Amino acid sequence: MARARITAESLMTDQCTVTRPGEAETDPDTGLPTVGGTKVYEGCCKVQTAGGLASENVEGSAPQSMGAVSLVWSLYVHFPYATTGLQNGDLVTVTQSSDQNLTGRRFRLISPQSEKTYATACRWNVKEDA
């Protein structure tokens with residue numbers, strides 16, 4: 001397992017920072033809200049997609065009755081196996097990637113996806129954060 005975890009981490013060539021949003025405060029000068037945050041992780045990661053299979057829309061919906069299908073893609077961020085302390089709602093910012101389309105992108109952690117006996121990475125389901 002140690003070798004498999006090292007191999008999995010070697011594929012994590014992106015760099016990211018994970019922050020936990022804090023309480024919103026109003027800037028006294030601008031009147032705009034600002035949300036502080038605490039850095040909970042900084043290091044390597046990998047952005048991953050899976051899926052693309054066509055799936056029918058919600059049963060009984062008008063689009064389904066017309067035979068409509070939509071592509072369903074799952075989005076994940078992988079961290080090294082030993083990464084701890086991440087929580088639902090934490091915000092991942094990709095700070096460096098060989099894919100320039102990923103640099104600067106932000107993702108919200110939704111749920112862990114690595115609860116299994118032979119995990120080689122700390123995987124999280126994510127959603128793009130606007």
Side-chain angles (χ1 to χ4, degrees):
M1 283 310 300
R3 193 173 339 159
R5 291 174 179 152
I6 289 168
T7 300
E9 189 170 340
S10 74
L11 298 174
M12 298 176 198
T13 58
D14 298 333
Q15 294 291 310
C16 69
T17 301
V18 180
T19 55
R20 182 159 302 130
E23 296 293 318
E25 296 180 10
T26 302
D27 184 306
D29 297 326
T30 66
L32 297 173
T34 58
V35 178
T38 304
K39 188 186 309 181
V40 293
Y41 174 81
E42 185 171 40
C44 65
C45 69
K46 177 175 78 171
V47 178
Q48 183 76 39
T49 58
L53 299 174
S55 72
E56 294 183 9
N57 288 316
V58 177
E59 191 170 320
S61 69
Q64 183 194 25
S65 66
M66 292 182 280
V69 294
S70 59
L71 295 179
V72 177
W73 289 92
S74 297
L75 186 58
Y76 310 97
V77 175
H78 298 190
F79 303 95
Y81 173 76
T83 304
T84 59
L86 302 178
Q87 295 179 2
N88 294 350
D90 288 350
L91 184 63
V92 180
T93 302
V94 178
T95 56
Q96 183 180 343
S97 176
S98 60
D99 179 350
Q100 291 306 304
N101 292 314
L102 291 175
T103 302
R105 299 270 292 273
R106 295 169 14 136
F107 304 98
R108 179 99 30 206
L109 297 182
I110 302 299
S111 61
Q113 195 245 343
S114 36
E115 292 84 6
K116 55 186 179 180
T117 303
Y118 299 111
T120 57
C122 175
R123 296 175 178 87
W124 278 80
N125 297 301
V126 298
K127 281 191 136 176
E128 186 124 26
D129 193 66

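Since we're looking at a predicted model, the values are computed, not measured.
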What residues form a side-chain hydrogen bond (donor to acceptor under 3.5 Å, both in side chains) with Glu42, not counting sequence neighbours? Lys39
Thr103 side chain near Gln100 side chain, heavy-atom distance below 4.5 Å: yes
Can you name the side-chain hydrogen bond (donor to acceptor under 3.5 Å, both in side chains) partners of Ser111, sequence neighbours left out? Asn125
Co-members of the apolar cluster containing Leu91 [side chain, <4.5 Å]: none
For Met1, the hydrophobic cluster (side chain heavy atoms closer than 4.5 Å, chained through members) also holds Tyr118
Summary of salt bridge (Lys or Arg N to Asp or Glu O under 4.0 Å) pairs that have at least one residue in residues 113-122, sequence neighbours excluded: none
Side-chain heavy atoms under 4.5 Å apart, restricted to Ile/Leu/Val/Met/Phe/Trp/Tyr: what other residues fall into the cluster of Val126, or is it alone? Val18, Val40, Tyr41, Val47, Leu75, Val77, Phe79, Leu86, Val92, Val94, Leu102, Phe107, Leu109, Trp124
Pairs satisfying salt bridge (Lys or Arg N to Asp or Glu O under 4.0 Å), at least one member in residues 75-85, at least two apart: none
Hey, does the side chain of Thr17 reach the backbone of Thr93 with a donor-acceptor pair shorter than 3.5 angstrom? no
My understanding is that only residues two or more places apart in sequence, or in another chain, count here; which of them pass side-chain hydrogen bond (donor to acceptor under 3.5 Å, both in side chains) with Asn101? Asp99
From SG (Cys44) to CD (Gln96), nearest 0.5 Å: 11.5 Å
Residue pairs meeting salt bridge (Lys or Arg N to Asp or Glu O under 4.0 Å), one or both in residues 101-114, sequence neighbours left out, come to Arg105-Glu128, Arg106-Asp129, Arg108-Asp129
Could you check whether any side-chain heavy atom of Pro112 comes within less than 4.5 Å of a side-chain heavy atom of Cys122, counting everything from C-beta outward? no
Going by salt bridge (Lys or Arg N to Asp or Glu O under 4.0 Å), name the pairs with one or both residues in residues 6-15, residues two or more places apart or in two chains. none
Smallest separation among heavy atoms of Pro21 and Gly89, with atom names: CD-O, 3.7 Å
By the side-chain hydrogen bond (donor to acceptor under 3.5 Å, both in side chains) test, which pairs, at least two apart or in different chains, include something from residues 78-91? Arg5-Tyr81, Arg20-Gln87, Arg20-Asp90
